[in-house]
Number of protein chains: 2
Amino acid sequence: MATDPSGATSPQPHPDRPHSAPTLAQVAERAGVSLKTASRAVNGEPRVAEATRERVLDAAHQLGFQLNRAASLLARGLTSNLVGLITGDLANPFYSAVAKGVEQELRSHGMQLTVASSDEEPARERGLIGEFVDRQVRALILVSTITDHSDLSSVQSRGIPVVFVDRPGVGIDADSVLLDNRRGARDAVEHLLAAGHTSIGFIGDLSRLDTHRERFAGFEDAMRAASLDPGRWVRHDAHDVQAALDEARDLLTQPDAPTALFTSNNRITIGALRAMIELDAWPALVGFDDFELADVLGVTVVAHDPVEMGRTAARLALGAMDRRHEGPSGIVLPTRLVQRGSGERLPRG
Amino acid sequence: MATDPSGATSPQPHPDRPHSAPTLAQVAERAGVSLKTASRAVNGEPRVAEATRERVLDAAHQLGFQLNRAASLLARGLTSNLVGLITGDLANPFYSAVAKGVEQELRSHGMQLTVASSDEEPARERGLIGEFVDRQVRALILVSTITDHSDLSSVQSRGIPVVFVDRPGVGIDADSVLLDNRRGARDAVEHLLAAGHTSIGFIGDLSRLDTHRERFAGFEDAMRAASLDPGRWVRHDAHDVQAALDEARDLLTQPDAPTALFTSNNRITIGALRAMIELDAWPALVGFDDFELADVLGVTVVAHDPVEMGRTAARLALGAMDRRHEGPSGIVLPTRLVQRGSGERLPRG
DNA sequence: TTGTATGCGTTATCAG
DNA sequence: CTGATAACGCATACAA
């Protein structure tokens, strides 16, 4: 019956287990209780005598016991307590702010955040999603660069909720938390129009992104409402600071350069700013997204709260993990125009 | 007895298992092979007939099979493939750059990054370390705000390597990747001295942090070498932008205000910058850490590569997870002075 | 090349 | 309140 021929108690579990940690069984034995009782005590379950509990906890402490998460999850039929977040680039302050919000909310609910960067490459994002699913995250939060998410429904049907942040899911029914992009952009342009500008340029991010298209639509709304041609000074697909700088430089050195610029995100605003400094040309400027030092530089922006976006997304994910899908919710967060000078410059300064 | 009135085979495993995923056993049955063979095929092990493998893979695909990580780890005696990173604040660009580097390196080695923020609070950091250990990360990477790490040796003895980034471990023998803080600070101050400044102020972060103390030591080195009193305009413990702003304002409004400032990190530099703008006072300025728009603002800095720091730290962690401790290695990364104007202003502008 | 039996550490069932 | 025993899903001897 006994596995051990000698009388001594020596488990001798696996040949080359890295650091064989003490098990609950050992704790139980030391405390002189059964496995289940030890389990109860360790997990703080109610039906345990106070004395017993203390004895177990003592033994656990002495042995340096630590619950084996994998075994615990397995026994409970769960898989992990990880939530995956994929953004374009963790080093971009917008994304890292979102990540911070997600992490805060998740942690306060006993979940862990694991992150990855897609570098805004759809193929890479797909790969990462696959990896995360393989590793059995409980939920997936995406700032997605993919333009069609219909194949992600297989992820959902695996019981893994998907939450879209900043950019909506396309061809899929899923939770999302977005900004009121169109409205924010319209506000910005109307602000420029109110200052008397009639020639307003637009520099935008990757045109395949919904966020971009919405902001452009807002730009168009405002221009059209003012009976102006929205298509005159428009540049798309400036997807990093350098590209934005190039576009801005080009725009501002035209013979009929616009007197004002609306830039569609923080990277682009910064690129445009660099061009303006380089050329010493100072059109009015309003940028989407706030950024550090924008106040110092006097840049008027369409601000919002990325940390709150992250928190909200995490809340949606947590909700979807429990209650079975009571129809996805799309949350839209507001933006607000923050005037700092650059957006208030007049047409002929 | 049977929960299923019909005679069909229905396992009915757990009452409320979220989404009972197909198991390897089911795959094996469908493919008409044994569990072990299925396991081999799925894991890409060598000893399987090509035809069998295909049959298994087919079945797996049809069932939407997915390996249960928890079970797999448990059976192998492993615990997780997570590496934990704790920094002060994910939203701080320095930390998020480090995180990016860590993530890159980890992912390319099949590991996953999980993150948390300590808010620079030692107690919170301790709590997070405990959580991470509980959740059995394979390694811990810390930008630590704790001043004594001797109790972390229990983490190491559990087989979890600890790697310190940016700030060294105290009272513990562990891997670390640091900057040459003292040297970088000395370079900065010597640069100011070379421009003819004799009254140079210092504004530093939390003085309990080694990083801070080293940078201050570098400041002192340079001042002493120039036979100047280093203690005249020194402010410690400015641990956020606002505090730095306050200290800088105070310093610059003294009757004998210094003609130059050395600020010990990116937050402080930005705070000082704000004070300078507010007061329209323009002492020479050199800051430790580069930051976005520093070039636009013409700020001379002691630059380094935080992404590379992260990568290096991850490499150390990965190394320590394999080879059993061949003595911890302390890596020191260089800094370089980047002149952009603010550090080149002369004593009497 | 394939299959059988057994164990990984925990939790759940259900009877004491 | 406590305890024996059977899962959980997979991987590893060791045979066949």
Side-chain angles (χ1 to χ4, degrees), chain A residues 1-4 11-29 31-56 60 63-81 134-136, chain B residues 1 3 11-29 31-56 60 63 65-80 134-136:
Chain A
M1 200 92 97
T3 354
D4 191 344
Q12 192 69 12
H14 231 73
D16 55 7
R17 181 85 25 95
H19 272 256
S20 48
T23 75
L24 232 199
Q26 294 171 35
V27 172
E29 180 179 354
V33 299
S34 83
L35 186 56
K36 180 56 188 169
T37 301
S39 171
R40 280 196 261 258
V42 165
N43 290 2
E45 280 172 40
R47 304 301 164 89
V48 186
E50 208 35 61
T52 323
R53 158 161 297 144
E54 256 175 55
R55 209 143 31 92
V56 174
L63 264 48
F65 169 76
Q66 188 194 351
L67 202 107
N68 183 321
R69 225 80 191 178
S72 171
L73 288 169
L74 177 57
R76 273 180 305 184
L78 301 177
T79 49
S80 85
N81 38 25
D134 271 3
R135 297 182 190 268
Q136 309 187 270
Chain B
M1 195 111 61
T3 352
Q12 193 70 9
H14 232 73
D16 54 8
R17 177 88 24 96
H19 272 256
S20 49
T23 76
L24 231 202
Q26 294 173 34
V27 172
E29 179 178 355
V33 299
S34 82
L35 185 57
K36 176 55 191 168
T37 302
S39 170
R40 280 196 261 259
V42 165
N43 290 0
E45 280 171 42
R47 302 302 164 89
V48 186
E50 207 35 61
T52 323
R53 158 162 295 145
E54 256 174 55
R55 208 143 32 92
V56 174
L63 264 48
F65 168 76
Q66 186 193 353
L67 201 102
N68 182 323
R69 226 80 189 178
S72 171
L73 288 169
L74 178 58
R76 269 180 306 187
L78 301 177
T79 49
S80 86
D134 270 5
R135 296 181 191 268
Q136 309 188 271

Check: Do A:K36 side-chain and D:dA4 base share a donor-acceptor contact under 3.5 Å?
Finding: no
Notebook entry, point to check: Out of curiosity, B:L67 CG to A:D134 CG, how far, rounded to the nearest 0.5 Å?
Noted result: 8.5 Å
Next item on the list: Drop me the distance from A:E45's CD to A:T37's OG1, to the nearest 0.5 angstrom.
Entry: 10.0 Å
Check: Counting side-chain heavy atoms from CB outward, which of D:dA11, D:dT2, C:dT10 is closest to A:F65?
Finding: C:dT10
Item checked: A:L24 CG - D:dC8 P separation (whole Å) -> 20 Å
Next item on the list: Please state how far atom CD in A:E50 lies from atom P in D:dT2, giving the value in whole angstrom units.
Entry: 10 Å
Next item on the list: Establish whether the base of C:dG7 is bridged to the side chain of B:R76 by a donor-acceptor pair shorter than 3.5 Å.
Entry: no
Checklist line | Among D:dG3, D:dC10, C:dC8, the nucleotide that comes nearest once only the side chain of B:A71 is considered | finding: D:dC10
Next item on the list: For the residue pair A:L35 and A:E29, establish whether any side-chain heavy-atom pair is separated by less than 4.5 Å.
Entry: no
Margin query: OP1 or OP2 of C:dG3 versus the side-chain N and O atoms of B:S34: is any pair under 4.0 Å?
Written below: yes
Note to self: Under 4.0 Å from OP1 or OP2 of D:dG3: is there any side-chain N or O of A:T37 that close?
What the structure shows: yes
Notebook entry, point to check: In whole Å, what is the span from the CD atom of A:E45 to the P atom of C:dA12?
Noted result: 7 Å
Note to self: Using a distance-only criterion (donor-acceptor N/O pair, under 3.5 Å, no hydrogens), is the base of D:dG3 paired with the side chain of A:R40?
What the structure shows: yes
Note to self: Measuring to OP1 and OP2 of D:dT2, would you say a side-chain N or O of A:T52 lies under 4.0 angstrom away?
What the structure shows: yes
Next item on the list: Mind checking A:L35 for me? I need base, sugar-phosphate or nothing, with any heavy atom below 4.0 Å counting as a touch.
Entry: base
Notebook entry, point to check: Just how far, in rounded Å, is C1' of D:dA4 from CD of A:E29?
Noted result: 16 Å
Checklist line | Any B:L24 side-chain heavy atom under 4.5 Å of B:V42 side chain | finding: yes
Margin query: Between C1' on D:dC8 and CG on B:L67, what's the gap in Å once rounded to a whole number?
Written below: 14 Å
Next item on the list: Using atom CG of B:L63 as one end and atom P of D:dC10 as the other, report the distance to the nearest whole Å.
Entry: 12 Å
Next item on the list: Measure the angle between the two terminal helix axes of the helix from C:dT1-D:dA16 to C:dG16-D:dC1, five base pairs each, and quote it to 10°.
Entry: 30°
Next item on the list: Rounded to the nearest angstrom, tell me the gap between atom CG in A:L74 and atom P in C:dG7.
Entry: 17 Å
Item checked: Interatomic distance, B:Q26 atom CD to B:L63 atom CG [nearest 0.5 angstrom] -> 6.0 Å
Note to self: Within this structure, what is the CG-CG distance for the pair B:L73 and A:L74, rounded to the nearest 0.5 Å?
What the structure shows: 10.5 Å
Next item on the list: Would you check if B:N68 and A:Q136 make a side-chain contact, meaning some heavy-atom pair closer than 4.5 Å?
Entry: yes
Margin query: How many whole angstroms separate atom CG of B:D134 from atom C1' of C:dT10?
Written below: 15 Å
Note to self: A side-chain contact here means heavy atoms from C-beta on lying under 4.5 Å apart; do B:V56 and B:R40 qualify?
What the structure shows: no
Next item on the list: Output the single nucleotide from D:dG3, C:dT10, D:dA11 whose closest atom is nearest the side chain of A:V33.
Entry: D:dG3
Checklist line | 5'-most by nearest nucleotide on DNA chain C - B:G32 or A:N43 | finding: B:G32
Notebook entry, point to check: Counting any heavy atom closer than 4.0 Å, what does A:Q66 reach on the DNA or RNA strands: base, sugar-phosphate only, or nothing?
Noted result: sugar-phosphate
